[in-house]
Amino acid sequence: MLRFLAMLALAAVCTTALAGAPAPARRAEILHLLRQDCGACHGLTLKGGLGPSLEPAALAAKDADQLSFVILQGRRGTPMPPWGAFLTQAEARWMVEQLKKGLPK
Amino acid sequence: MRFPVIAALLLGIAACATPPPRGTGDLGLVIERAAGRVMLIETSGRSSLGHIEGLGDLSHASAVFSRDGRYAYVFGRDGGLTKLDLLRARIERRVIQAGNSIGGAISQDGRLVAVANYVPGGIRIFDAQTLEPLSVVPTGAKVVGIADAPGNRFVFSLFETGEIWIVDASDPRRPQVRKIVGVGKQPYDGFITPNGRHYIAGLFGEDGLALVDLWAPQAGARRILDGYGRGEEPLPVYKMPHLRGWAVAGRYIFLPAVGRHEVLVLDSVTWTEAGRIAVHGQPVFAVAQPGARRVWVNFAFPRNDVVQVIDVAAMRVVKELRPGRAVLHMEFTPRGEQVWVSSRDDGAVLVYDTATYAELARLPAQSPSGIFLTSRGAMTGF
């Protein structure tokens, strides 16, 4: 019973962490980060630079979970740093959704 | 008798129609990267002279200048190469020369402009006057750290393959390539010393830099500051450092340490470490003030709202400024009495008096990044 409750609590924590897009003000901050700071390597229009293209066509075949993992953890052996100190899991997930849709111009 | 009167009258009309002649020695431009335009600036009155629009994607854009200081060549991320007439404040010519580019250089004689490309990897050489394409040097890898060298040569590094190439463009339609392989893992940028003799590439994939003596290129590259990280894991790098000849302050060369809150000091006589200076964050630019008494440093995200000033004689930080959010670039006037600083997220370019650190001017700008003054046109490696 205790174990079940613990699992339930954990599930609740996970869903709240994952669920829900960030609030509008935070979304603007994330988009700014995406364009400006991610854009430093991936290009302001995200078509690629030292880092690869982040345009919808380039990401279409890639798994969303894996993409958010890369955002949060970085990629060893490449210049891609981990952004986990600045983004929650839900925010990274939301970022991936925006990238797959294509950012508003 | 009547002729001189008419001539004088005509001259008067001509004088009204055209602006008075002026030099270009105090002109420059600021990249307004989100707006795809540049702001034209002058450093005597510290003012904006207007904007030139329509330059495309200017993220990470840079510029070089013609030897007469009248024209700027702007390299855009979208592969655009734009020639600007600074006196007429307009685009002279523009070509889209590749899918994705990172920078460029102008030859010693001023007749060639070379553009470094990520996609497709390689450099393309253009006639500086007409922007007519003259030749292509494919590399199969991303080109970084392109610099002009004496003898109408261009030197650059290849990120994926760890090579330094020296391209002799004396015959620009048939450039000759010398390849130096195995210089180190993932060179991220490179520069040539102001005397045109040494090319130094910074490495991302390992602690150290690669040095090529252009007086003896057959000797290849040698590793310098090898293992400067002392085996410690570097911090995550949120912005790549930038290298250029401004790193040289007299005998010493001040270099950003990758993934560390340090500026490394390299002795350019012995090519060994002369010290290291603890700083506020991971340095992006470490720029020697003309006169080489001080080195100004800005920093990578998220510590990018601070500029620190290192005193070269004392080898320590003596001043800290907070010009605004996301300080991206600093550019000195040729004699070093002013420094122009861009704050991307405050939308401003600030001008400081380098002797007193007083703020002399503040110009509004849209997401300003690079600041480029025409004095670069007279310097090797710029």
Side-chain angles (χ1 to χ4, degrees), chain A residues 22 24-60 67-89 91-92 95 98-99 102-105, chain B residues 31-36 56-61 76-79 98-103 116-119 121 141-145 159-160 185-189 202-206 233-242 258-259 282 284 300-302 304 325-326 328 344-345 367-369:
Chain A
R26 181 61 185 152
R27 289 186 202 184
E29 281 173 20
I30 296 170
L31 288 177
H32 182 78
L33 180 89
L34 191 49
R35 285 213 177 82
Q36 301 294 342
D37 295 293
C38 305
C41 277
H42 295 279
L44 209 62
T45 57
L46 303 176
K47 66 184 233 181
L50 195 62
S53 166
L54 302 180
E55 288 177 314
L59 300 183
L67 289 172
S68 6
F69 180 84
V70 168
I71 292 172
L72 295 169
Q73 306 293 326
R75 273 178 81 183
R76 275 194 88 82
T78 79
M80 177 67 183
W83 295 84
F86 311 103
L87 295 167
T88 66
Q89 214 165 344
E91 287 169 350
M95 196 184 242
Q98 305 316 303
L99 285 170
L103 298 196
K105 292 291 169 200
Chain B
I31 306 290
E32 295 186 271
R33 63 186 204 166
D57 178 0
L58 291 180
S59 50
H60 210 288
R77 174 47 71 71
D78 57 2
N100 198 320
S101 66
I102 184 63
N117 292 316
Y118 279 163
V119 182
K142 288 179 184 128
V143 176
V144 298
F159 180 75
E160 291 90 345
K185 280 187 203 145
Q186 298 173 323
Y188 65 88
D189 199 2
L203 301 175
F204 182 82
E206 48 193 313
E233 185 77 6
L235 301 166
V237 176
Y238 294 102
K239 184 161 174 67
M240 284 283 183
H242 286 61
V258 178
Q282 293 183 41
V284 175
F301 174 90
N304 55 2
R325 292 172 297 154
L328 293 193
R344 182 193 70 203
D345 290 353
S367 293
S369 56

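First the proteins, then the strands, lettered A, B, ... as listed; each starts at 1.
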Quiz item: Counting heavy-atom pairs under 4.5 Å to chain B, which of Ala85(A), Gly39(A), Pro79(A) comes out on top?
Solution: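 Ranked by contacts with chain B, first place is Pro79(A).
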Practice problem: Could you check which of Pro82(A), Gly43(A), Ala40(A) has the highest count of heavy-atom pairs closer than 4.5 Å to chain B? | Solution: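 Of Pro82(A), Gly43(A), Ala40(A), Pro82(A) has the most heavy-atom pairs under 4.5 Å with chain B.
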Quiz item: Should the heavy atoms of other residues, nucleotides or ligands under 6.0 Å from CZ of Phe69(A) be counted, would the total exceed 12?
Solution: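 Incorrect, the count does not exceed 12.
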Polar contacts chain A-chain B (donor-acceptor, d < 3.5 Å, no H, no angle):
from: His32(A); atom 1: NE2; to: Asp345(B); atom 2: OD1; distance (Å): 3.0
from: His32(A); atom 1: NE2; to: Asp345(B); atom 2: OD2; distance (Å): 3.1
from: Gln36(A); atom 1: O; to: Arg33(B); atom 2: NH2; distance (Å): 3.3
from: Gln36(A); atom 1: OE1; to: Arg33(B); atom 2: NE; distance (Å): 3.1
from: Gln36(A); atom 1: OE1; to: Arg33(B); atom 2: NH2; distance (Å): 2.7
from: Leu44(A); atom 1: N; to: Ser59(B); atom 2: OG; distance (Å): 3.0
from: Thr45(A); atom 1: OG1; to: Asp57(B); atom 2: OD2; distance (Å): 3.2
from: Lys47(A); atom 1: NZ; to: Gly99(B); atom 2: O; distance (Å): 3.2
from: Gly48(A); atom 1: O; to: Asn100(B); atom 2: ND2; distance (Å): 2.6
from: Leu50(A); atom 1: O; to: Lys142(B); atom 2: NZ; distance (Å): 3.1
from: Gly77(A); atom 1: O; to: Gln186(B); atom 2: NE2; distance (Å): 3.1
from: Pro82(A); atom 1: O; to: Tyr238(B); atom 2: OH; distance (Å): 2.3

Practice problem: Using side-chain contact (heavy atoms from CB on, under 4.5 Å) as the criterion, list what pairs up with Pro187(B), not counting sequence neighbours. | Solution: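 Expected list: Ser157(B), Ala201(B), Leu203(B).
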Self-check item: salt bridge (Lys or Arg N to Asp or Glu O under 4.0 Å) pairs, two or more places apart, involving residues 78-89 of chain A
Solution: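 The answer is none; no pair qualifies.
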Quiz item: For Leu33(A), is it the side chain, the backbone, both or neither that has a heavy atom under 4.5 Å from a heavy atom of chain B?
Solution: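 It is the side chain, since no backbone atom gets that close.
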Quiz item: What option among Gly205(B), Pro302(B), Ala326(B), Ala300(B) has the most heavy-atom pairs under 4.5 Å with chain A?
Solution: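 Among the listed options, the one with the most contacts to chain A is Pro302(B).
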